[in-house]
**Q** 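Quick one: structure below, then a few questions.
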Amino acid sequence: MSTSLFEKLGGNAAVDAAVDIFYRKVLSDDRINSFFEGVDMDKQAAKQKAFLTMAFGGPHNYTGKDMRAAHAPLVARGLNDSHFDAVAENLQATLKELNVPSELIGEVMAIAGSTRNDVLCR
Amino acid sequence: MPRIFFEKQSYTCQDNESVLDCLTGHGLPIPSSCRSGICQTCLMRAVEGAVPLAAQQGLKETLRVQNYFLACVCKPTNDLKVALPDEEAGARTKVTVLAKEVLGGNIIRLRLGCTLPLDYHPGQFVQLHRDDGLIRSYSIASLPQREEPLELHIRHLPDGRMSGWIHDILKTGDTLEISGPAGQGFYLPGQPDQGLLLIGTGSGLAPLWGIARDALAQGHTGPIHLYHGSRDVSGLYLINELRELAEQYPNLNYTPCLSGPDVPKGFAAGRAEQMAFSHLPKLTGWRVFLCGHPAMVAATKKKAFLTGASMKDIYADPFVIAADSIKPAA
Ligand SMILES: Cc1cc2nc3c(=O)[nH]c(=O)nc-3n(C[C@H](O)[C@H](O)[C@H](O)COP(=O)(O)OP(=O)(O)OC[C@H]3O[C@@H](n4cnc5c(N)ncnc54)[C@H](O)[C@@H]3O)c2cc1C
Ligand code: HEM
Ligand code: FES
């Protein structure tokens with residue numbers, strides 16, 4: 001069997017390394033940080049971890065329906081394509097910072113992109 | 001809807017209801033205090049069924065693997081059979097008040113003698129139990145390796161039930177019960193040159209006084225910056241002791257901060273966290289301990305993270321008020 005994307009990226013340890021960097025970028029990004037305000041930071045960090053595990057092609061139990069449910073309140077608050085692009089940009093910058101090879105970055109971005117319609121509840 | 005089995009009975013847990021609310025709603029006397037997943041008073045154990053991860057946040061690894069969880073933040077998604085903690089995990093110890101003294105404006109130092117040696121780290125906290133069932137958490141300021149008696153600093157809150165009782169009624173020689181210790185905010189050896197930033201308001205100095213002295217006693221060589229804040233001088237305490245400690249250990253920096261209008265010489269004008277960030281604008285690689293006022297702790301935690309501290313290196317103990325003091329128990 002060929003090695004999965006998640007394994008190639010370094011598995012759980014890679015997610016742990018990426019969480020801090022990614023979450024710091026998101027909280028510092030004025031285009032999207034209002035969506036993350038007022039939530040307990042530890043809980044939020046745990047969700048960032050869920051997000052990254054999913055984007056890294058790792059094991060998760062989220063269905064498209066779960067993604068819609070998690071983001072529906074945000075869509076009601078105006079979440080749109082521009083915010084989605086901003087999150088994707090932060091994700092890409094995080095992977096670059098961690099020196100992930102560009103073909104793997106491409107795979108991650110493709111997985112993240114595939115969730116767009118669910119995240120935006122379309 | 002999931003069912004909760006407890007002491008041979010079963011109860012239906014409503015949507016979005018915690019195990020604690022479900023059981024206390026049926027009149028069961030499950031101990032609780034903060035009702036927000038911080039004080040660990042509502043510790044329970046899942047005998048059967050998996051608890052959500054969020055219900056184990058902040059618990060020691062040893063407790064996690066035994067399926068202990070915090071009932072107040074446990075919103076089950078499946079049936080659970082639960083029990084109150086075993087003797088060992090939830091055990092109460094009798095303590096005797098050895099000394100009670102005023103440290104500053106409205107802060108009392110309690111020194112407690114334990115009949116059994118208590119295994120703890122300075123900076124953790126214990127639960128104090130009053131005879132009538134009132135439970136409150138207090139942080140530990142003493143160093144066990146120095147064989148100091150258990151030391152707590154208690155700030156008298158206006159109309160505070162436990163703190164008022166401690167200030168006005170409790171006296172030397174009285175006995176009390178404690179449980180714990182709990183909490184992850186303590187010094188861990190292994191990185192002696194790491195920078196340590198400690199920020200506390202009011203009696204939030206208690207754990208920091210313990211952590212700073214613990215780090216020094218364990219040979220920490222990196223910079224240790226301690227910021228203690230209050231509105232006016234009467235809210236600060238152990239000022240001379242901390243100044244002397246900073247004289248003795250050049251790597252310890254102590255800054256007493258006053259946010260009120262009256263700032264005598266020798267004190268920094270401003271809030272403790274503002275002073276800290278103006279001296280230390282980048283916290284990459286630092287370990288950060290935050291204790292005291294919940295709003296200060298939450299805002300500072302975020303700022304410390306944004307200025308470079310790693311999430312796993314930030315320890316925060318908000319001194320949250322017990323839930324039943326904020327709104328009457330339903
Ligand atoms: C992990 C942890 C560690 C702690 N460590 C310490 C410590 O080292 N030292 C220390 O002094 N304390 C500490 N605390 C706080 C302590 O546990 C108690 O909450 C505190 O002593 C007050 O308890 P009380 O019974 O005296 O007051 P309570 O009877 O619980 O009343 C609390 C206060 O709330 C006020 N109040 C009531 N309703 C509201 C409202 N809606 N909004 C705002 N205020 C309201 C009351 O007037 C009163 O002043 C810690 C708390 C936690 C969770
Ligand atoms: C790129 C595609 C995205 C994926 C794969 C994704 C994935 C996830 C996952 C797995 C969760 C956790 C759900 C849970 O366990 O409750 C989550 C929560 C969250 N996401 Fe996303 N997400 C994406 C895009 C976005 C965008 C664009 C925003 C806003 C700018 C956003 C904001 C949030 C917030 C605020 C939460 C927490 C909600 C809560 O606290 O309940 N996400 N996301
Ligand atoms: S942790 Fe549950 S009551 Fe405090």
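Note on naming: letters A, B, ... go to the chains in the order of the sequence lines (proteins, then strands), and numbering restarts at 1 for each one.
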**Q** Within the 4.5 Å heavy-atom criterion, are Phe84(A) and Leu79(A) side-chain neighbours or not?
**A** no
**Q** Give the interface residues of residues 197-208 of chain B toward chain A, defined by a heavy-atom separation under 4.5 Å.
**A** none
**Q** Assess whether a salt bridge exists between Lys65(A) and Asp118(A), defined as any Lys/Arg side-chain N lying under 4.0 Å from an Asp/Glu carboxylate O.
**A** no
**Q** May I have the step-by-step check of salt bridge (Lys or Arg N to Asp or Glu O under 4.0 Å) for Asp16(A) and Lys49(A), ending in yes or no?
**A** CA-CA 7 Å; Asp16(A) 284 339; Lys49(A) 213 176 151 168; 2.8 Å; yes
**Q** Could you give the distance from CE (Met54(A)) to CD1 (Ile111(A)), rounded to the nearest 0.5 Å?
**A** 9.0 Å
**Q** Does the plane of the ring in His220(B) sit parallel, tilted or perpendicular to the ring in Tyr187(B)? Use 30° and 60° as the thresholds.
**A** perpendicular
**Q** Residues of residues 285-303 of chain B under 4.5 Å from chain A (heavy atom pairs)?
**A** Lys301(B), Lys302(B)
**Q** In terms of the angle between their ring planes, are Phe51(A) and Phe22(A) parallel, tilted or perpendicular, with boundaries placed at 30° and 60°?
**A** parallel
**Q** Taking Lys312(B) first and then Asp20(A), would you say they form a salt bridge - that is, a charged N and a carboxylate O separated by under 4.0 Å?
**A** no
**Q** Any carboxylate oxygen within less than 4.0 angstrom of a Lys/Arg side-chain nitrogen, looking at Arg116(A) and Asp85(A)?
**A** yes
**Q** Could you point out which residue of Arg31(A), Lys25(A), Lys96(A) forms a salt bridge (Lys or Arg N to Asp or Glu O under 4.0 Å) with Glu89(A)?
**A** Arg31(A)
